[in-house]
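Let me begin by presenting the structure, written as structure tokens, before commenting on it.
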Number of protein chains: 2
Amino acid sequence: MSEHIHAHEKLTKNQTLVMDALANADGPLSAYTILDQLRGNGFRAPLQVYRALDKLLDSGLVHRLESLNAFVACRHDDCTDHEQTVFMICETCGKVSEIADKALTQHLQKMASASQFSLTKATIELRGRCKACKTV
Amino acid sequence: MSEHIHAHEKLTKNQTLVMDALANADGPLSAYTILDQLRGNGFRAPLQVYRALDKLLDSGLVHRLESLNAFVACRHDDCTDHEQTVFMICETCGKVSEIADKALTQHLQKMASASQFSLTKATIELRGRCKACKTV
DNA sequence: ATTGTAATGTTATGTTATTACATTGTTGTG
DNA sequence: CACAACAATGTAATAACATAACATTACAAT
């Protein structure tokens with residue numbers, strides 16, 4: 001259960017509960033949805049979720065989708081490059097796929113350099129309709 | 001005042017007030033900051049701001065920065081391509097610059113196509129330190 | 001004038017996130 | 001063991017962001 005290839009320290013109880021909730025979801029979850037799912041496990045306040053999320057985000061096990069105010073478990077084996085992941089969010093089914101694209105990353109880095117901007121993090125979220133939903 | 005080269009219909013009173021607030025700001029503003037700035041002009045409720053913003057976003061005069069929950073006036077002469085703008089957000093001074101990059105747009109479009117994903121809109125927000133803040 | 005529509009106003013509420021502070025648990029050291 | 005130090009958790013309150021539902025006003029077209 002909740003074994004990941006990511007390099008990370010052992011998770012605490014709350015971090016594990018939040019991680020499992022996200023790993024078992026088939027789409028992004030909001031912090032409050034996670035809270036509701038974990039009430040049976042003793043969660044009572046948003047902070048319990050947000051604190052766990054902070055840690056999981058730091059370690060790259062979880063990504064935050066800025067345009068949805070929601071969170072997804074990272075589906076990559078190795079998230080060392082998680083700062084430069086592209087998310088494709090289907091507006092029909094709500095599912096999210098995650099792509100790491102080296103060329104895109106380099107292109108963004110070049111754009112930033114051209115403006116003498118030191119790039120720390122890139123948020124790239126595409127909206128549209130996924131393959132499965134198009135064929136319906 | 002508030003003359004733009006953008007093609008758009010005439011703005012209403014509230015839309016003009018919100019547009020001017022954003023155009024005169026030197027960085028992104030939250031909806032509630034705009035509300036506070038416009039209290040002297042009769043604004044009393046968030047909805048007055050959000051309604052105006054909806055229209056301004058539709059017409060491309062204003063962009064929403066998802067990672068900040070804030071809004072900026074478009075600095076481009078022509079925002080027909082505003083769906084694919086890259087924002088560089090300085091985490092030191094808070095200023096935002098806006099770049100339209102055709103090659104990047106094409107690259108994203110290719111990535112989407114490769115996954116058979118119909119791309120509707122791209123959110124691209126870079127975080128880091130701008131030229132001015134680096135030299136300080 | 002009257003009617004239809006767009007814009008605006010108002011109140012309440014829903015959703016997302018943080019601050020501040022108290023308590024418990026765990027680890028290492030004398 | 002005792003106990004200090006720190007990490008993790010618990011709890012309450014509130015801040016920040018956004019929308020729903022409904023009432024009113026403004027204004028153009030006939």
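Chain A is the first sequence line, chain B the second, and so forth, proteins listed ahead of strands; every chain is numbered from 1.
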Atom-pair distance (CG on B:Asn41; P on C:dT8), nearest Å:
13 Å
Closest nucleotide among C:dT11, D:dT11, C:dT8 to the A:Arg44 side chain:
D:dT11
Counting neighbours of NZ on B:Lys134 that are heavy atoms of other residues, nucleotides or ligands and sit closer than 6.0 Å, is the number greater than 12?
yes
Rounded to the nearest Å, what distance is computed from the CG atom of residue B:Leu35 to the C1' atom of nucleotide D:dA15?
15 Å
Return the value, rounded to whole Å, for the distance between atom CG of B:Leu38 and atom P of C:dT8.
12 Å
Heavy-atom pair of closest approach, residues B:Cys90 and B:Cys130
SG-N, 3.4 Å
Starting from P on C:dG9, measure out to CG on B:Leu17 and report it in whole angstrom.
10 Å
Between CD of B:Glu66 and C1' of D:dC17 the distance, given in whole Å, is 12 Å
Heavy atoms of A:Leu68 and A:Pro28 approach each other most closely as CD1-CG, 3.9 Å
Heavy-atom closest pair (B:Ala21 atom, B:Ile34 atom, distance to 0.1 Å) is CB-CG2, 4.4 Å
Less than 6.0 Å separating the ring centroids of A:His63 and A:Phe71?
no
Please determine whether a side-chain nitrogen or oxygen atom of A:Thr12 lies at a distance below 4.0 Å from atom OP1 or OP2 of D:dT9.
yes
Does D:dG10 have OP1 or OP2 sitting under 4.0 Å from an N or O in the side chain of A:Gln48?
yes
Atom NZ of A:Lys55 and atom P of D:dA8: how far apart are they, to the nearest Å?
7 Å
Looking only at heavy atoms, which two atoms of B:Val72 and B:Gly27 are closest? And how far apart?
CG1-C, 4.2 Å
What is the separation between atom NZ on A:Lys13 and atom P on D:dA7, rounded to the nearest whole Å?
19 Å
Quick check: closest heavy atoms across A:Lys55 and A:Gln15, and the distance to 0.1 Å?
CG-NE2, 3.4 Å
Heavy-atom closest pair (B:Ala103 atom, A:His107 atom, distance to 0.1 Å) is CB-CE1, 3.4 Å
Assign a letter to each nucleotide of nucleotides 14-27 of chain C from its 5' end: B, base within under 4.0 Å of a protein heavy atom; S, sugar-phosphate only; -, no contact.
--BBBBB-------
For the pair A:Glu98 and A:Arg75, evaluate salt bridge (Lys or Arg N to Asp or Glu O under 4.0 Å) and give the outcome as yes or no after the intermediate values.
CA-CA 7 Å; A:Glu98 192 180 334; A:Arg75 305 298 183 186; 5.8 Å; no
Rounded to the Å, how far apart are A:Phe43 CZ and D:dA12 P?
16 Å
Nucleotide N/O of nucleotides 27-29 of chain D paired with protein N/O under 3.5 Å:
none

